[in-house]
Amino acid sequence: MCVFCDIIDHKIPSKVVYEDENVLAILDISQLTYGHTIVMPKKHVRNFVEADEETIEQVMHVVHMLAGQIMKNTGAGGVNVITNCGAAAGQSVDHLHFHIIPRYGKDDGFGFRETPTKQDLDEVLAKVTAK
């Protein structure tokens with residue numbers, strides 16, 4: 001069974017930030033930064049790539065609304081909005097969800113590895129635009 005579906009069905013307790021008929025937003029149990037929130041559709045969809053447009057629109061509307069609210073109410077200077085698609089990308093729960101991670105500065109405990117690798121951009125462009 002899907003842990004997020006159990007949270008949506010209120011079988012597992014959570015701290016609800018927002019809820020409507022299609023979307024649920026909760027505080028992440030593992031706060032990467034203060035105010036870290038997860039937004040998910042109530043409809044079970046595995047990930048962003050497999051989701052239909054209507055579901056993406058519903059969830060992104062809430063992500064947009066909450067990102068601004070969280071920044072304002074926590075005093076964060078920015079937010080990262082992240083979704084992982086597939087195990088190789090770090091997806092650990094097979095239910096579409098977005099993380100809103102408030103950012104307070106470079107030393108707030110969250111970051112990306114910023115070590116780019118040199119690529120042949122013509123080759124990359126051909127690959128990513130192939131039909």
Side-chain angles (χ1 to χ4, degrees):
M1 188 63 189
C2 171
V3 67
F4 282 175
C5 287
D6 285 345
I7 291 170
I8 289 163
D9 291 340
H10 301 287
K11 294 176 183 173
I12 297 174
S14 63
K15 300 296 182 185
V16 176
V17 173
Y18 175 88
E19 183 171 12
D20 66 25
E21 62 276 3
N22 300 307
V23 179
L24 178 68
I26 62 172
L27 291 179
D28 193 308
I29 196 166
S30 302
Q31 293 280 291
L32 293 176
T33 65
Y34 186 87
H36 178 180
T37 299
I38 297 175
V39 183
M40 68 193 83
K42 289 185 173 180
K43 173 182 172 180
H44 183 83
V45 180
R46 283 179 26 99
N47 60 46
F48 181 80
V49 173
E50 296 180 15
D52 58 274
E53 274 189 50
E54 181 180 28
T55 299
I56 295 298
E57 288 172 4
Q58 293 166 346
V59 174
M60 290 309 295
H61 173 76
V62 174
V63 168
H64 178 256
M65 175 191 66
L66 288 179
Q69 176 181 312
I70 290 167
M71 281 181 62
K72 177 182 171 217
N73 292 348
T74 64
V79 295
N80 288 106
V81 174
I82 300 169
T83 189
N84 301 321
C85 297
Q91 185 176 8
S92 59
V93 177
D94 284 336
H95 187 117
L96 171 63
H97 60 286
F98 289 84
H99 295 264
I100 302 173
I101 304 170
R103 299 304 305 276
Y104 302 95
K106 290 191 181 247
D107 297 326
D108 63 10
F110 180 78
F112 291 101
R113 180 178 53 116
E114 296 178 15
T115 312
T117 56
K118 183 139 178 71
Q119 302 288 338
D120 176 340
L121 295 183
D122 290 328
E123 184 271 329
V124 174
L125 179 63
K127 179 79 77 174
V128 301
T129 59
K131 300 287 182 199

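In this text the structure is predicted, and so the values were computed from the model without any measurement.
In this structure, the separation between CE on Met1 and CD1 on Ile12 is 9.0 Å, given to the nearest 0.5 Å. Rounding to the nearest 0.5 angstrom, the gap separating the CD atom in Gln69 from the OH atom in Tyr18 is 10.0 Å. Here the CE-CD1 distance, from Met71 to Ile100, works out to 11.5 Å after rounding to the nearest 0.5 Å. The distance from atom NE2 of His44 to atom CD1 of Ile8, rounded to the nearest 0.5 Å, is 9.0 Å.
With a 4.5 Å cut-off between side-chain heavy atoms of Ile, Leu, Val, Met, Phe, Trp and Tyr, the cluster of Ile29 takes in none.
In terms of hydrophobic clustering, with Ile, Leu, Val, Met, Phe, Trp and Tyr side chains grouped at heavy-atom distances under 4.5 Å, Val93 and Ile56 are assigned to different clusters. Under the 4.5 Å side-chain heavy-atom criterion for grouping Ile, Leu, Val, Met, Phe, Trp and Tyr, Val59 is not connected to Leu24 through any hydrophobic cluster. Connection of Ile38 to Val23 is not established within any shared hydrophobic cluster, with ILVMFWY side chains joined at heavy-atom distances below 4.5 Å, either directly or through further cluster members. The cluster map of Ile, Leu, Val, Met, Phe, Trp and Tyr, joined by side-chain heavy atoms under 4.5 Å apart, puts Met40 and Leu32 in different clusters. Under the 4.5 Å side-chain heavy-atom criterion for ILVMFWY residues, a single connected hydrophobic cluster contains both Val39 and Val79.
Distance alone, capped at 3.5 Å, is enough to place a donor-acceptor pair between the His95 side chain and the Pro41 backbone. Judged by distance alone, with hydrogens and angles left aside, the side-chain atoms of Thr37 form no donor-acceptor pair with the main-chain N or O of Leu27 at under 3.5 Å.
His64 meets the side chain to side chain donor-acceptor pair (under 3.5 Å) test with no other residue; sequence neighbours excluded. Among residues two or more places apart in sequence or in another chain, the ring-ring contact (aromatic ring centres under 6.0 Å, His included) test is passed with His10 by none. With sequence neighbours excluded, the residues that form a side chain to side chain donor-acceptor pair (under 3.5 Å) with Gln119 are Thr117. With sequence neighbours left out, the side-chain contact (heavy atoms from CB on, under 4.5 Å) criterion links Val128 to Val124. Applying the side chain to side chain donor-acceptor pair (under 3.5 Å) test to Asp28 and every residue at least two apart in sequence or in another chain returns His36. Applying the side-chain contact (heavy atoms from CB on, under 4.5 Å) criterion to Leu125, with sequence neighbours excluded, gives Thr129. Checked against side-chain contact (heavy atoms from CB on, under 4.5 Å), Asn80 has the following partners two or more places apart in sequence or in another chain: Ile82, Ile101, Arg103, Phe110, Phe112. Among residues two or more places apart in sequence or in another chain, the side chain to side chain donor-acceptor pair (under 3.5 Å) test is passed with Asn73 by none. In this view, Asp6 satisfies the salt bridge (charged side-chain N to carboxylate O under 4.0 Å, His left out) rule with no residue, not counting sequence neighbours. For Tyr34, the side-chain contact (heavy atoms from CB on, under 4.5 Å) test picks out Thr74, Tyr104, with sequence neighbours left out.
For Asp107, the CG atom sits in a loose shell: 12 or fewer heavy atoms of surrounding residues, nucleotides or ligands are nearer than 6.0 Å. Other residues, nucleotides and ligands contribute only 12 or fewer heavy atoms inside 6.0 Å of the NE2 atom of His61.
Shortest non-hydrogen contact noted between Asn47 and Gly86 is ND2-N, 4.2 Å. Considering every non-hydrogen atom in both Gly90 and Asn84, the closest pair reads O-ND2, 3.7 Å. Minimum interatomic distance between Phe48 and Leu96 (heavy atoms only, all atoms of both residues): N-CD1, 3.4 Å. Scanning both residues, Asp122 and Asp120, for their nearest heavy atoms gives N-OD1, 3.0 Å. Taking each heavy atom of Val45 and Ala51 in turn, the nearest pair found is CG1-CA, 3.4 Å. Listed here is the closest heavy atom pair of Ile7 and Ser14: CG2-OG, 3.7 Å.
Evaluation of the salt bridge (Lys or Arg N to Asp or Glu O under 4.0 Å) test over residues 32-59, restricted to residues two or more places apart or in two chains, returns Glu19-Lys42, Lys43-Asp52, Arg46-Glu50, Arg46-Asp94.
Residues Ile26 and Lys15 fail the side-chain proximity criterion, which asks for heavy atoms closer than 4.5 Å.
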